[in-house]
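Just so it is clear, the structure is predicted and the values come from calculations on it, not from any experiment. In what follows, chains are A, B, ... by sequence order, proteins preceding strands, each numbered from 1.
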Amino acid sequence: MVVGLPVKGVRNMSSIEIRIQELRTQIREHDYQYFVLNDPIISDAEYDALMRELRMLELSHREYQSDDSPTNRLYPAIDVQFKKVRHPQVMMSLAKAFKEKEIYDWHSRLDKEIGTEGMAWTAEPKIDGLAIALTYVNGVLVRAATRGNGEIGEDVTANIETINTVPKQLRRDTHIQVPSEIEVRGEIYMRTDEFDELNDRLRAAGEKTAANPRNAAAGSLRQKDPRVTATRPLRFFAYSIGPVSGNWPDTQWETLQALKKLGFSINDDTRRFENFEALINYARAWMMKRDELPYEVDGIVFKVDSLAQQRELGIVGTDPRWAIAYKFEARETSSTLKNITVAVGRTGVITPAAEIEPVQLSGVTVRNASLHNADLITKLDIRIGDRVLLKRAGDVIPYIIGPLLAARPADAVPWQMPTNCPVCGTALVRPEGEVAWRCPNSDGCPEQRKRRLEYAVSREALDIVGLGEQQVRMLVEKGLVSDIADIFTLTPDVFVDMEGFGEKKIANLMQSIANAKNQPVLRVFISLGIHMVADKVAQLLLQHFDSIAAIAGASVVEMSQIDGIGPVKAQNVAEFFGRPGNQQLLAKLTTLGLNVRGGRVAPRGDSLAGMTIVVTGSVPDYTREQIEALITRHGGKPTSSVSKKTTYVVAGSEPGGSKIQKATEYNISIIDWATFMVMVGSEGDVALVTPPVDIESEPPATDMPPAQSRLF
DNA sequence: GTTCCTCGAGTTCT
DNA sequence: CTCGAGGAAC
């Protein structure tokens, strides 16, 4: 480890020393351009060249090394102790508001206290990170402390010094005098994309991953070895000051501008308002914008702009009266894991599900959360009784991120996968190389039969409207239905007197069953519920064999010859038809008059020929299935995940963050719905002029929209 | 033999 | 949306 020698005093400088000083100044200025202004004036390569030259000179001329050199940033030579430190001025907490009304209430209070005539406010996004206080003496960073309880925090100076966006020296600026002493406060945080990269890296190295960007930031700051912290993508936004000597601007807004001049990143979305309605509008706009930001935001902080007015308003209890945090709906929360139950799926897979103490999470009450598989529970070390961290994937499906180990009760018990099927009692098996445990009793297990029927009538398969989980359960339990064919022989009278079925409902149901008889062969085939055969694989098979009977008669080798179908899938199909009951089922469906052969859909246009398109978010008037059908009919290929081969990502409203992120990463064009509709032709679905095209032919040259620009 | 791309299955709540 | 795993490409 390199230890810097302090160089003190004024004396003649050698040309080497002059060059070193020059380089340091230049690099600091480029850091400022890059990290603070987000507007680098030299390329990364040029920057690296400057760094290299400086590092070389310092290594060959050790006498000129210095602790505050930019090269030193990554290798602080200090051992971290995390000493407790008392904040000279308490770091206060903020009053919280959860509803718009509470913001208006706050305004009324301000009005009552000192009058709001001519008052101005600032609005700053509240980044989900860690509050930190940085002390600078004579422009040099001497101490960094965590907020702790507000009065006493921990000294994390050595770790903070590794962060690029924290200046080790205040920047000299002609417009502002550097205070001899100043405490700068702000938030240490991690960007979501950099957090994901970090987790990928940790996972690859077999290390523990972090649950969210905030925890990752906190964990990174508490590293014993600053060199580890240096590898973490930490960033810093300054938002206020503590004690300061000399002159300092007397408003929050000017404070932020001054901090920016001194070399700190401030949040560019901060605004100043003289009109309270405008401030409310800003808050509303922010709720929408939340997802588009590269970092987690958990609310907005409103402050009275004038520091004089702030002093006048003072503090009540622990919270200042002049500020309020408008909190967004939490997207992550914790609750107690009450129990883990298992469900049997249609393929026999046993899936554990978490039963949790009901809790509010992004607007709904969550009682259950998915747990995927037994291995995951073991890997995360989740125990019954634990306090667990919850999140809604894509803000929809709740899942458990992990246990809060610090809060683990002594009586928390590890969970074990049952050895037998909870429904039919058959001993569970775990196929070689698979994670899932299965109930092997596929034909006999009543739960599997029910689930398969539910799937057969679902939207992806026969789409029988009016038959859902409840109805299927009832029909099976009453012994009225035991396979798909039975559904088509149901008569209206069996529903009379049945709970939940009025005359109208029965008529509708009979109609939708009749309609289902005309479903295309693809849907009939899918409704069989063969493991590993859904939309795409079913299409492939039908294209090659043209009827379900032909597939049923095909050998494993024949099927494996199809591009996209390998031995495993082929084996699965063969096994399915090898079971006698299934051959009979197919015969029954054929007799009932369902479509069991032919029917390839011809493309209606070639505007999307050769393109692979991923849709994310929702658009008006079209369901996801309809959009995918639309893409197919125009010669394109709809897929569900973004990869390097994706041509376009069509983003509707509320697009999925991870898809957009991937698209940006691979430099894939993201187009909106309107643009997409122009591409398929304004009539969209209805335009059917061009004859069917040969899918194998070369795609026509297309004018690609400009590539996405980099964030930095 | 490894990596990348896709697909399928299961999941919550109102 | 997430995960696991099959299949093809290298």
Novice: Report the residues that fulfil side chain to side chain donor-acceptor pair (under 3.5 Å) with A/S527, sequence neighbours left out, ordered by chain and then residue number.
Specialist: none
Novice: Please list, by residue number, the residues of residues 365-386 of chain A whose heavy atoms come closer than 4.0 Å to an atom of DNA chain B; answer none if no residue qualifies.
Specialist: A/T365, A/V366, A/R367, A/N368, A/S370
Novice: Keeping the roles fixed (side chain from A/S512, backbone from A/V465), state whether a donor-acceptor pair exists under 3.5 Å.
Specialist: yes
Novice: Are A/R191 and A/D196 close enough for a salt bridge, meaning some N to O gap below 4.0 Å?
Specialist: no
Novice: For A/R387, give me all partners under side chain to side chain donor-acceptor pair (under 3.5 Å), at least two apart in sequence or on another chain.
Specialist: A/S334, A/T336
Novice: Counting only heavy atoms not in A/R579, do more than 12 fall under 6.0 Å of its CZ?
Specialist: yes
Novice: Starting from the 5' end of DNA chain B, give me the residue, A/V533 or A/T612, whose nearest nucleotide shows up first.
Specialist: A/T612
Novice: Look up atom CD in A/E460 and atom CG in A/L522, then write down how far apart they are to the nearest 0.5 Å.
Specialist: 12.0 Å
Novice: Going 5' to 3' along DNA chain B, which are the first and last nucleotides with any atom under 4.0 Å from a heavy atom of chain A?
Specialist: B/dC5 to B/dT14
Novice: How long is the line joining CH2 of A/W437 and P of C/dG4, in whole Å?
Specialist: 16 Å
Novice: Under the salt bridge (charged side-chain N to carboxylate O under 4.0 Å, His left out) definition, can you give me all pairs with a residue in residues 361-372 of chain A, not counting sequence neighbours?
Specialist: none
Novice: What is the distance from atom CG of A/L540 to atom CD1 of A/I562, rounded to the nearest 0.5 Å?
Specialist: 6.5 Å
Novice: Got a sec, which residues hit ring-ring contact (aromatic ring centres under 6.0 Å, His included) with A/Y295, two or more places apart in sequence or on another chain?
Specialist: A/Y189, A/F237
Novice: Map A/R451 and A/K536 onto DNA chain B by nearest heavy atom, then report which one ends up closer to the 5' terminus.
Specialist: A/K536
Novice: Sort and list the pairs that fulfil salt bridge (charged side-chain N to carboxylate O under 4.0 Å, His left out) and have at least one residue in residues 553-575 of chain A, not counting sequence neighbours.
Specialist: none
Novice: Going by atom types alone, do A/N212 and A/E332 pair a side-chain donor with an acceptor below 3.5 Å?
Specialist: yes
Novice: Looking at A/V388, is its backbone amide N or carbonyl O close enough to the side chain of A/D386 to form a donor-acceptor pair, meaning the two atoms are under 3.5 Å apart?
Specialist: no
Novice: Please name all residues satisfying side chain to side chain donor-acceptor pair (under 3.5 Å) with A/N420, sequence neighbours left out, ordered by chain then number.
Specialist: none
Novice: DNA chain B: stems of at least 3 consecutive Watson-Crick or G-U pairs, cut-off 3.5 Å?
Specialist: B:1-10 with C:1-10
Novice: Looking at residues 454-463 of chain A, who's got a heavy atom less than 4.0 Å off DNA chain B?
Specialist: none
Novice: If you measure from CZ on A/R597 to CD1 on A/I548, what distance do you get to the nearest 0.5 Å?
Specialist: 10.0 Å
Novice: Determine all donor-acceptor pairs shorter than 3.5 Å in which one atom belongs to a side chain in residues 342-357 of chain A; sequence neighbours excluded.
Specialist:
| unit_1 | atom_1 | unit_2 | atom_2 | d |
| --- | --- | --- | --- | --- |
| A/R346 | NH1 | A/G529 | O | 3.4 |

Novice: Does the protein touch nucleotides 5-10 of chain C at the base, only the backbone, or not at all? Give it as B, S and - per nucleotide, heavy atoms under 4.0 Å.
Specialist: SSSS--
